[in-house]
K.L.:
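Sharing a structure, written as structure tokens. Questions coming.
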Amino acid sequence: MAEVGEVTEGCRLPVLRRNQDNEDEWPLAEILSVKDISGRKLFYVHYIDFNKRLDEWVTHDRLDLKKIQFPKKEAKTPTKNGLPGSRPSSPEREVKRKVEVVSPATPVPASTETTQASVFPQNGSARRAVAAQLGRKRKSNCLGTDELLPLCCLQDSQDSSDGIPSAPRMTGSLVSDRSHDDIITRMKNIECIELGRHRLKPWYFSPYPQELTALPVLYLCEFCLKYVKSLKCLQRHLTKCDLRHPPGNEIYRKGTISFFEIDGRKNKSYSQNLCLLAKCFLDHKTLYYDTDPFLFYVMTEYDCKGFHIVGYFSKEKESTEDYNVACILTLPPYQRRGYGKLLIEFSYELSKVEGKTGTPEKPLSDLGLLSYRSYWSQTILEILMNLKSETGERPQITINEISEITSIKKEDVISTLQYLNLINYYKGQYILTLSEDIVDGHERAMLKRILRIDSKCLHFTPKDWSKRGKW
């Protein structure tokens, strides 16, 4: 059995953790970092095939040293001058190359650098499933988006009891990104964030200045999102900060819920601070240094003290691929309360006003895919269940019509219908089949969905961003 002192970065071994069912398990984990505090060794571990938000510091008593796997030594190759050197693709060089972009060793002032990105994992498996399903049919019988789809209701079904097939539990990330190879950005660097009345534990790395990452708590103004190093600094800042809501135009208000539209060029400091905060909870983001090409839509909850940020989504001012969302996030204290679907619904309401169909930027994350799949399912089922036929025959609708009504892109409509297993091939044509289980499950889900966007409360005028002068 190996000794504790032999455990180094790169080693893999089983590590004790407690799962969602409060049961102990020993998943395989990789040691990313080792530190010594007062003679006590701590190990930062990443659980293989699990999402990085579960990464944590553990003590040696949680390591199974009997099954340790030591990292393989990389072969050295001669350089041009004949001296041994590392291969160009070695981790050392890879880290050095990437550190130039996001290294926490270089302070990242809010006024000069920021993060903005795509949030979500590509729904490639769903699209491949659609292609495979349709490919099995004869070419002459391919499903067209203009083809009328008769709607048929069944009395019994083999679908799940809740009406919408539940997606498998996803504990790991759906996509792999090269940035995950960078040891620096693979580790959480912020211990805790205080935002208003909430204390948040970040899930992922965010490039805040290095001198702030060593603090036990990072303090943020909940209105302008400026970051400071101490509670005293925050209190002093609050005496000078006049904001009680996000900067920009309030384009929606109903009850206590408001949405503010923020131009990434006009409100650069706020946009950059928002991106730094969001990066703590979004793994699949591409880092940018300029927020000018983006609009930010911040959802807030109002009380006597002001408008408190709940979540946001961003979108490109000009998207050649019909993306209506680049990033989307509900802050952890507000998750599982219906705000995520509200953000998604609002993004499609904007697309309706613009007269466009939209889709989230790919790739989608695991949680992002589940949220969008649920929204698409509920929205499309709502359309199908309200279909009526004037002739007394089966009501009919095309993919294009569903897309136009909902502003959901045609590819997303098809993948959702396939995911719900609603499309069937019968007597030479495609029909949509709604079972009692599907209908009952949808009705139960909609009863729980209390928060909805009221289009009458939306005051939004789209701009033509193709004219660069309007940026």
K.L.:
With side chains defined as the heavy atoms from C-beta onward, is the minimum distance between Thr416 and Arg373 less than 4.5 Å?
P.N.:
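SC-SC contact between Thr416 and Arg373 ruled out.
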
K.L.:
Are the aromatic rings of Phe260 and Phe307 close, with centres under 6.0 Å apart?
P.N.:
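Judged by ring-centre distance (under 6.0 Å), Phe260 and Phe307 do meet the cut-off.
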
K.L.:
Any Lys/Arg nitrogen of Glu191 or Lys201 sitting under 4.0 Å from an Asp/Glu carboxylate oxygen of the other?
P.N.:
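Yes.
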
K.L.:
If you measure from the Lys or Arg side-chain nitrogens to the Asp or Glu carboxylate oxygens, is any gap between Glu345 and Arg452 under 4.0 Å?
P.N.:
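Salt bridge: yes.
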
K.L.:
Does Lys188 reach the side chain of Pro202, with side-chain heavy atoms less than 4.5 Å apart?
P.N.:
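The answer is no; the side chains never approach within 4.5 Å.
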
K.L.:
Which atom names give the shortest non-hydrogen contact between Pro207 and Leu276, and what distance separates them?
P.N.:
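Taking every non-hydrogen atom into account, O-CD2, 3.8 Å.
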
K.L.:
With sequence neighbours left out, which residue pairs that include part of residues 302-311 fulfil the salt bridge (charged side-chain N to carboxylate O under 4.0 Å, His left out) condition?
P.N.:
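Applying salt bridge (charged side-chain N to carboxylate O under 4.0 Å, His left out) to every pair that reaches into residues 302-311, excluding sequence neighbours, yields Arg197-Asp303.
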
K.L.:
Nearest 0.5 Å please: distance from the CG atom of Leu238 over to the CD atom of Glu222.
P.N.:
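Reported to 0.5 Å precision, the distance equals 8.0 Å.
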
K.L.:
Rounded to the nearest 0.5 Å, how far does OG1 of Thr291 lie from CG of Asp263?
P.N.:
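The OG1 atom of Thr291 is 8.5 Å from CG of Asp263, to the nearest 0.5 Å.
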
K.L.:
Taking all non-hydrogen atoms of both residues into account, name the closest pair between Ser377 and Leu420 and its distance.
P.N.:
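Heavy-atom minimum between the residues: OG-CD2, 3.7 Å.
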
K.L.:
Show your reasoning for whether side-chain contact (heavy atoms from CB on, under 4.5 Å) applies to Val217 and Tyr219.
P.N.:
CA-CA 6 Å; Val217 180; Tyr219 295 88; 3.7 Å; yes

K.L.:
Please report the C-alpha distance between Leu329 and Tyr312 in whole Å, then the side-chain angles of each, then the deciding distance to 0.1 Å, and finally whether the side-chain contact (heavy atoms from CB on, under 4.5 Å) criterion is met.
P.N.:
CA-CA 6 Å; Leu329 171 70; Tyr312 90 105; 3.9 Å; yes

K.L.:
Determine whether His245 and Glu250 satisfy the following criterion, side-chain hydrogen bond (donor to acceptor under 3.5 Å, both in side chains), listing intermediate values before the conclusion.
P.N.:
CA-CA 9 Å; His245 59 78; Glu250 185 182 12; over 6 Å; no

K.L.:
Output yes when a side-chain donor or acceptor of Lys362 lies under 3.5 Å from a complementary backbone atom of Pro360, and no otherwise.
P.N.:
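Yes; judged by distance alone, with no hydrogens or angles, the pair exists.
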
K.L.:
Closest approach of Asn324 and Phe313, non-hydrogen atoms and distance?
P.N.:
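Result for this residue pair: O-CE1, 4.1 Å.
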
K.L.:
So His46 and Lys52, do their side chains get closer than 4.5 Å, heavy atoms only?
P.N.:
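Yes - at least one pair of side-chain heavy atoms lies under 4.5 Å apart.
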
K.L.:
To the nearest 0.5 Å, tell me how far Lys463 NZ sits from Glu354 CD.
P.N.:
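Rounded to the nearest 0.5 Å, the NZ-CD separation comes to 12.0 Å.
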
K.L.:
Using a 3.5 Å distance criterion without hydrogens, assess whether the side chain of Ser351 forms a donor-acceptor pair with backbone atoms of Ser347.
P.N.:
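Yes; at least one donor-acceptor contact below 3.5 Å.
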
K.L.:
I'd like to check Trp203 versus Asn51 (side-chain heavy atoms, cut-off strictly below 4.5 Å). Are they in contact?
P.N.:
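They are not in contact (no side-chain heavy atoms under 4.5 Å apart), so the answer is no.
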
K.L.:
Rounded to the nearest 0.5 Å, what separation is found between the CG atom of Asn273 and the SG atom of Cys221?
P.N.:
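Going from CG on Asn273 over to SG on Cys221, the span is 9.5 Å.
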
K.L.:
Of all heavy-atom pairs between Asp55 and Arg186, which one has the smallest distance, and what is that distance?
P.N.:
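Nearest pair, atom of Asp55 first, then Arg186: OD2-O, 3.9 Å.
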
K.L.:
Evaluate ring-ring contact (aromatic ring centres under 6.0 Å, His included) for His237 paired with Tyr227, printing each intermediate quantity in order.
P.N.:
CA-CA 10 Å; His237 165 78; Tyr227 47 84; over 10 Å; no

K.L.:
Would you name the heavy atoms of Ile380 and Leu417 that are closest together and state the gap between them?
P.N.:
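Looking at all heavy atoms of both residues, the closest pair is CG2-CD2, 3.9 Å.
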
K.L.:
Run the ring-centre check on Tyr270 versus Phe296 and record whether the distance is less than 6.0 Å.
P.N.:
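Tyr270 vs Phe296: aromatic centres not under 6.0 Å.
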
K.L.:
Return the CD1 to CG distance between Ile309 and Leu225, rounded to the nearest 0.5 Å.
P.N.:
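Atom-to-atom, Ile309:CD1 and Leu225:CG are 5.5 Å apart.
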
K.L.:
For Ile450, look at atom CD1 and say whether over 12 heavy atoms of other residues, nucleotides or ligands are found less than 6.0 Å away.
P.N.:
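Not buried by this count: 12 neighbours or fewer within 6.0 Å.
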
K.L.:
Side chains of Cys280 and Ile193, heavy atoms from C-beta outward: is any pair under 4.5 Å?
P.N.:
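Cys280 reaches Ile193 side chain to side chain.
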
K.L.:
Closer than 3.5 angstrom, by distance alone: can the side chain of Glu401 be matched with the main-chain N or O of Thr398 as a donor-acceptor pair?
P.N.:
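Looks like yes, one N/O pair under 3.5 Å.
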
K.L.:
Return yes if some donor-acceptor pair links the side-chain N/O of Tyr339 with the main-chain N/O of Met299 below 3.5 Å, else return no.
P.N.:
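No: the side chain of Tyr339 does not pair with the backbone of Met299.
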
K.L.:
How long is the span from the CD atom in Glu349 to the SG atom in Cys457, to the nearest 0.5 Å?
P.N.:
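Reported value, rounded in 0.5 Å steps: 11.0 Å.
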
K.L.:
Can Glu261 and Tyr297 be counted as having a side-chain donor-acceptor contact under 3.5 angstrom?
P.N.:
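Their side chains do contain a donor-acceptor pair, which is all the 3.5 Å distance test asks for.
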
K.L.:
Tell me whether the count of non-hydrogen atoms from other residues, nucleotides or ligands lying under 6.0 Å of CZ in Arg336 goes above 12.
P.N.:
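For Arg336, atom CZ is not crowded (no more than 12 foreign heavy atoms under 6.0 Å).
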
K.L.:
Is there a side-chain contact (heavy atoms from CB on, under 4.5 Å) between Ile328 and Leu282 once you walk through the steps?
P.N.:
CA-CA 9 Å; Ile328 187 166; Leu282 297 173; over 6 Å; no

K.L.:
Can you tell me if Asp412 uses its side chain to pair, donor with acceptor, with the backbone of Ile408 under 3.5 Å?
P.N.:
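Side chain of Asp412 to backbone of Ile408, a donor-acceptor pair under 3.5 Å: no, none is there.
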
K.L.:
Heavy-atom count check: over 12 atoms from other residues, nucleotides or ligands less than 6.0 Å from Lys356 NZ?
P.N.:
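Atom NZ in Lys356 is not packed in, count stays at 12 or less.
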
K.L.:
Please lay out, stage by stage, how Thr359 and Asp322 fare under the test side-chain hydrogen bond (donor to acceptor under 3.5 Å, both in side chains).
P.N.:
CA-CA 6 Å; Thr359 186; Asp322 297 327; over 6 Å; no

K.L.:
Centres of the Phe259 and Phe346 rings: under 6.0 Å?
P.N.:
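Between Phe346 and Phe259, which both carry aromatic rings, the centre distance is below 6.0 Å.
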
K.L.:
Please tell me if the side chains of Pro395 and Lys388 come closer than 4.5 Å, counting only heavy atoms from C-beta onward.
P.N.:
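Counting from C-beta outward, Pro395 and Lys388 never come under 4.5 Å.
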
K.L.:
Are the side chain of Lys279 and the backbone of Phe205 linked by a donor-acceptor contact shorter than 3.5 Å?
P.N.:
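Yes, Lys279 side chain to Phe205 backbone: donor-acceptor pair under 3.5 Å.
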
K.L.:
Heavy atoms only: give me the nearest Tyr252-Ile453 pair and the separation to one decimal.
P.N.:
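Closest approach of Tyr252 to Ile453: OH-CA, 3.7 Å.
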
K.L.:
Are Tyr430 and Asn424 side-chain neighbours, meaning at least one heavy-atom pair lies under 4.5 Å?
P.N.:
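In short, these two side chains do not touch, never coming nearer than 4.5 Å.
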
K.L.:
Tell me if a side-chain donor or acceptor on Thr330 pairs with a main-chain N or O of Gly311 at a distance below 3.5 Å.
P.N.:
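Such a contact is absent between Thr330 side chain and Gly311 backbone.
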
K.L.:
For Ser271 and Asn267, indicate whether the former's side chain and the latter's backbone hold a donor-acceptor pair under 3.5 Å.
P.N.:
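Between the backbone of Asn267 and the side chain of Ser271 there is a qualifying donor-acceptor contact (under 3.5 Å).
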
K.L.:
Answer yes or no: is there a donor N or O on one side and an acceptor on the other, between the side chain of Lys317 and the main chain of Asp292, under 3.5 Å?
P.N.:
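Yes; judged by distance alone, with no hydrogens or angles, the pair exists.
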
K.L.:
With distance as the sole test, does Ser407 use its side chain to make a donor-acceptor pair with the main-chain N or O of Thr357 at under 3.5 Å?
P.N.:
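Not a single qualifying donor-acceptor pair exists.
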
K.L.:
Applying side-chain contact (heavy atoms from CB on, under 4.5 Å), run through Thr406 and Tyr348 and close with a yes or a no.
P.N.:
CA-CA 7 Å; Thr406 62; Tyr348 281 105; over 6 Å; no

K.L.:
Answer whether the closest heavy-atom distance between the side chains of Val310 and Leu342 falls below 4.5 Å.
P.N.:
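A side-chain contact under 4.5 Å is absent here.
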
K.L.:
Between Arg17 and Tyr47, does a side-chain hydrogen bond (donor to acceptor under 3.5 Å, both in side chains) hold up when you go through it step by step?
P.N.:
CA-CA 10 Å; Arg17 71 177 296 270; Tyr47 298 102; 4.6 Å; no

